[in-house]
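Note sheet for the following structure.
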Amino acid sequence: MADDSTSRFQAGQTGLIVRIPEVEPVVHAWRERFDPSARAGVPAHITVLFPFLEASRIDAQVCSALTDVLGSHHAFDLRFESCGRFPGVLYLVPEPDVQLRLLTQVIADRWPEAPPYGGKFAEVVPHLTVADGQEDAVLDEIEADLLGVLPFASRVASVGLMVHDGAKWQERASFALLE
C-alpha cells in the first residue's frame with residue numbers, strides 16, 4: 001500500500017487496493033524481507049488510492065458510494081512483463097495501466113479530500129511494490145530473479161478496502177467491478 005516504514009502506518013488509516021494473487025508465490029519472500037507493507041499484512045497489490053478516508057468516516061453511505069463508483073467500471077486484465085524503479089524501490093509494472101489510473105482518478109474525484117498519496121506526487125504511477133528502501137545492489141538481485149519468472153497475467157475484478165488496526169492491515173470490504 002504505502003511505500004513507508006511500518007512505524008508510519010497508523011491505526012485508522014485506510015487504502016483501496018487491487019489484489020494480485022497470481023504474483024504472490026513469486027514475490028512473497030522478497031516482499032516479506034523488503035516491503036514494510038507486506039510485513040504489516042498487505043498482500044501483493046496495486047494501490048488504487050492511499051490514504052483514503054479515516055476509518056471512522058467509512059460508514060454504510062461511503063461503502064454504498066464505493067459500490068456505485070467502482071461497480072460502474074468493467075473488470076480488466078493486466079500483464080506483468082517488466083520491473084520498474086523509484087529511488088530505493090523495485091516494482092512490477094502493470095500493463096496496460098489505463099484502467100488503474102482511471103480507478104484512482106474516479107475515487108479521487110469523488111473524495112477530493114483524499115488525494116492519492118496525500119498529494120505528494122504530481123503523477124500517480126500504478127505499480128506493485130516488491131522492495132522498498134533498499135540499495136541498488138539489492139534491487140538488482142531481486143530484479144534479476146523476477147525477470148527469470150515473468151510474465152504474469154491477472155484479472156482485476158474487485159477493489160479491496162484495507163484498514164490499519166494499529167498493528168496490521170486487514171481487508172474490511174471488497175467492491176466488485178462489472179464482469
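No experiment lies behind these values; they were computed from the predicted model shown.
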Worked check of side-chain contact (heavy atoms from CB on, under 4.5 Å) between Leu78 and Ile20: CA-CA 9 Å; Leu78 293 175; Ile20 309 294; 4.3 Å; yes
Derivation and outcome, side-chain contact (heavy atoms from CB on, under 4.5 Å), residues Phe80 and Glu22: CA-CA 10 Å; Phe80 297 89; Glu22 295 83 358; over 6 Å; no
Ser37/Thr129 under side-chain contact (heavy atoms from CB on, under 4.5 Å): CA gap, chis, key distance, verdict: CA-CA 9 Å; Ser37 73; Thr129 299; 5.9 Å; no
Verdict with reasoning, Val125 to Tyr91, per side-chain contact (heavy atoms from CB on, under 4.5 Å): CA-CA 11 Å; Val125 177; Tyr91 61 88; 4.2 Å; yes
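Residues that satisfy the side-chain contact (heavy atoms from CB on, under 4.5 Å) test with Gln134, not counting sequence neighbours, are Phe34, Ala131, Val138, Leu139. With sequence neighbours excluded, no residue forms a salt bridge (charged side-chain N to carboxylate O under 4.0 Å, His left out) with Arg33.
When atom types are taken as modelled, the side chain of Thr104 and the backbone of Val48 share a donor-acceptor pair closer than 3.5 angstrom. In this structure a side-chain-to-backbone donor-acceptor pair under 3.5 Å is missing from His73 to Gly71. Ser64 contributes no side-chain N or O that, together with a main-chain N or O of Ala60, makes up a donor-acceptor pair within less than 3.5 Å. Panel note: side chain His164, backbone Gly166; a donor-acceptor pair is recorded below 3.5 Å.
When all heavy atoms of Val93 and Gly84 are compared, the closest pair comes out as CG2-N, 3.7 Å. Closest non-hydrogen pair, Arg85 versus Asp140, comes out as NH2-OD1, 2.6 Å. Taking every heavy atom of both residues into account, Gly160 and Glu171 meet most closely at CA-OE2, 3.7 Å. Among all heavy-atom pairs drawn from Val42 and Arg31, the shortest one is O-NH2, 3.0 Å. Nearest heavy atom pair, residue Arg19 against residue Met162, reads NH2-SD, 4.4 Å. Of all the heavy atoms in Ser158 and Val18, the pair that sits closest is O-CG2, 4.1 Å.
Two residues are said to be in side-chain contact when any heavy atoms from C-beta on lie closer than 4.5 Å; Leu102 and Gln99 meet this criterion. The side-chain heavy atoms of Ile46 and Ile17, taken from C-beta on, include no pair separated by under 4.5 Å. Inter-residue side-chain proximity for Glu113 and Leu53 is flagged as met; some heavy-atom pair is nearer than 4.5 Å. Looking at heavy atoms from C-beta onward, Glu81 lies out of side-chain contact with Leu150 at the 4.5 angstrom threshold. For the pair Glu54/Gln10, no side-chain contact is recorded, criterion being any heavy-atom separation below 4.5 Å from C-beta on. Taking 4.5 Å as the limit, some side-chain heavy atom of Asp165 sits within range of a side-chain heavy atom of Lys168. For the pair Phe175/Cys63, a side-chain contact is recorded, criterion being any heavy-atom separation below 4.5 Å from C-beta on. Residues Trp111 and Leu49 have side chains not in contact (no heavy-atom distance under 4.5 Å, counting atoms from C-beta outward).
Put simply, OG1 on Thr14 and CG on Leu161 are 5.5 Å apart, with the number rounded to the nearest 0.5 Å. Separating the CG atom in Leu177 from the CG atom in Leu103 is a distance of 6.0 Å, to the nearest 0.5 Å. A distance of 11.0 Å separates CG in Leu100 from NE2 in His127, rounded to the nearest 0.5 Å. Expressed to the nearest 0.5 Å, how far CG of Leu66 lies from CZ of Arg110 amounts to 8.0 Å. Here the OG1 atom belonging to Thr47 is positioned 13.5 Å from the CZ atom belonging to Phe52, to the nearest 0.5 angstrom. Here Asp77 contributes atom CG and Glu95 contributes atom CD; the two are 13.5 Å apart, rounded to the nearest 0.5 Å.
Taking the charged nitrogens against the carboxylate oxygens, Asp97 and Arg79 have no contact shorter than 4.0 Å, which rules out a salt bridge.
Leu178 and Leu70 end up in different hydrophobic clusters when Ile, Leu, Val, Met, Phe, Trp and Tyr side chains are linked at under 4.5 Å.
The local environment of CD in Gln61 is sparse, with at most 12 non-hydrogen atoms from other residues, nucleotides or ligands closer than 6.0 Å. At most 12 heavy atoms of other shown residues, nucleotides or ligands fall within 6.0 angstrom of atom CD in Glu135.
Trp30 and Asp145 share a side-chain donor-acceptor pair at under 3.5 Å.
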